[in-house]
Amino acid sequence: MTDRAPAGGDTNEALFEQAQRVIPGGVNSPVRAFRSVGGTPYFVAEAAGPFAYDVEGRRYIDYVQSYGPGILGHAHPAVTAAVQQAAARGTSYGAPTRNEVLMAAEMCDRVEGLEMVRLTNSGTEAVMSAVRLARGVTARPTVVKFAGCYHGHSDALLVAGGSGVAQQGLAGSEGVTAGAVADTIVAPYNVVPELDESVAVVCVEPVAANMGLVAPQPGFLQGLRHACDEVGALLLFDEVITGFRLCRGGAAQWFGVQPDIWCFGKVIGGGLPVGAFGASREIMSGLAPLGGVYQAGTLSGNPLATAAGLAALELLTDDAYQQLEATAITLQEALEAAFEATGVTARTSKPSGAGGTVLQDADGAPGVTAVVPRVGSLLGLFFTEEPPRNFDEARRAADNGMYPRFFHGMLRRGVAFAPGAYEAIFVSLAHTEAEIEATATAAAETAHEMAENPA
Ligand SMILES: *Cc1c(COP(=O)(O)O)cnc(C)c1O
């Protein structure tokens, strides 16, 4: 049993047609549109474990997993039950609840140095609020970010963003005034920038996962810590992807570097809308109602989100993280083997038409070169020879025309990766040997197809 009976007689094509009439681009978040890979998005009717099913009944082994929240796989029974029970008790009160306290305590318990957190409704809100707090407590204006890192879609942080911003080839966004970004400085990833005493906060994805997957070079995060300390700037780890995914304590624990402020999202909501930011008691005391930095939310700490988040965190034990990483290693090896088997030995790259790149070995036999960077359970895929270290290198690899062919080759074979070369690959605890093996087979066939028919 793989595919299912179509739901309600809709086709992807018909729904997309209708969607484009009433929703800009037919999607509620640009990365979901297939603009950078071409074609029609599949509309999901339901999902379970490692699988998503579209409205036509087609089954996909899903490595999108909602771009991170699906760490347990879709519709995990524990999360579903928690949400159902919570919903029956009311969906929002506008008064504090016990689960908010449990959620905050659980996060502080896992992350060393994290003493207080505030919950928000999205990662965007978390980082936006954290930056305001950093500026408030330091009484300084400047924010430093790194090209290719995505910190949500608030005005000040949208410059040189990864993810959908990169997919659209945008430097930033129209509608953002020069004033809104006047105090934002963009630096290249993996180089410790020079700071001065105007800097309130340095924002970084400790593993960049919105320009494909780009690992921090040894010493980069430590270097940032040191540079911030020298000038009294705060260091902010945007752990919206890495938090509670790499290990119990997230990237800070993984790399042994403690930031001043953490931002979280994705995993901690169990698939419901959520975000959080936190820091030491001293820094967080700058926040209203204790301090003068205002931040709020009608639905923040929502009962459904905290119920789902607590249920998810409870299952994310050390054993679970080991299993997740083992799954990622198996997938990494399978993808690498698929492309190695296309027969590339010596790699010379020669540009061909339509933005594509044909990679040939010394005898001129076509092959496809790919690298699969990995940090813990996080994976990336670039059609290039060396793992990119920054946005320029990532962009060169992402825009060479290879990814859309890989994407569609896999999708045709029932395996869904993100419809854009700038996204990470998300394995879940629900992906078993069988799904990884099926993915390996599909990847081998797709790699072969790509090598046989160069763009
Ligand atoms: C997804 C993401 C965000 C934004 O989170 P939303 O919930 O989509 O607003 C911020 N930072 C990083 C690193 C992310 O991956």
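Counting starts at 1 for both ligands and their atoms, following the listed order.
Residue Asn210 has at least one nitrogen or oxygen atom sitting less than 3.5 Å from a nitrogen or oxygen atom of ligand 1, judged on distance alone. Between His153 and ligand 1, not a single N/O pair is under 3.5 Å apart. When only interatomic distances are considered, the shortest N/O to N/O separation between His151 and ligand 1 does not fall below 3.5 Å. When only interatomic distances are considered, the shortest N/O to N/O separation between Lys266 and ligand 1 falls below 3.5 Å.
Aromatic ring pairs are classed by plane angle as parallel below 30°, tilted from 30° to 60° and perpendicular above 60°; the pair Phe264 and Phe244 is tilted. The aromatic rings of Phe339 and Phe406 sit tilted relative to each other, their planes meeting at an angle between 30° and 60°.
In this structure, the protein non-hydrogen atom closest to atom 4 (C) of ligand 1 is Thr124 N, 3.6 Å. For atom 6 (P) of ligand 1, the nearest non-hydrogen atom of the protein is Gly123 N, 3.4 Å.
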Stepwise side-chain hydrogen bond (donor to acceptor under 3.5 Å, both in side chains) check, Ser36 with Tyr422: CA-CA 10 Å; Ser36 74; Tyr422 291 99; over 6 Å; no
The test is side-chain hydrogen bond (donor to acceptor under 3.5 Å, both in side chains); show your working for Thr384 and Arg396 and say whether it passes. CA-CA 9 Å; Thr384 185; Arg396 232 169 288 141; over 6 Å; no
Can you check side-chain hydrogen bond (donor to acceptor under 3.5 Å, both in side chains) on Thr40 and Glu13, steps first, answer last? CA-CA 7 Å; Thr40 304; Glu13 203 69 55; 3.3 Å; yes
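Listed by number with element, the atoms of ligand 1 under 4.0 Å from a non-hydrogen atom of Ser122 are 7 (O), 9 (O). The contact set between ligand 1 and Glu205, taken as ligand atoms under 4.0 Å from a residue heavy atom, comprises 13 (C). Close contacts of ligand 1 with Asp238, meaning ligand atoms under 4.0 Å from a residue heavy atom, involve 10 (C), 11 (N), 12 (C), 13 (C). Close approach of ligand 1 to Ile241 is summarised as follows: ligand atoms under 4.0 Å from at least one heavy atom of the residue are 15 (O).
Judged as a side chain to side chain donor-acceptor pair (under 3.5 Å), not a single pair has a partner in residues 263-283 (not counting sequence neighbours).
The distance from the CD1 atom of Ile61 to the CZ atom of Phe51 is 5.5 Å, given to the nearest 0.5 Å.
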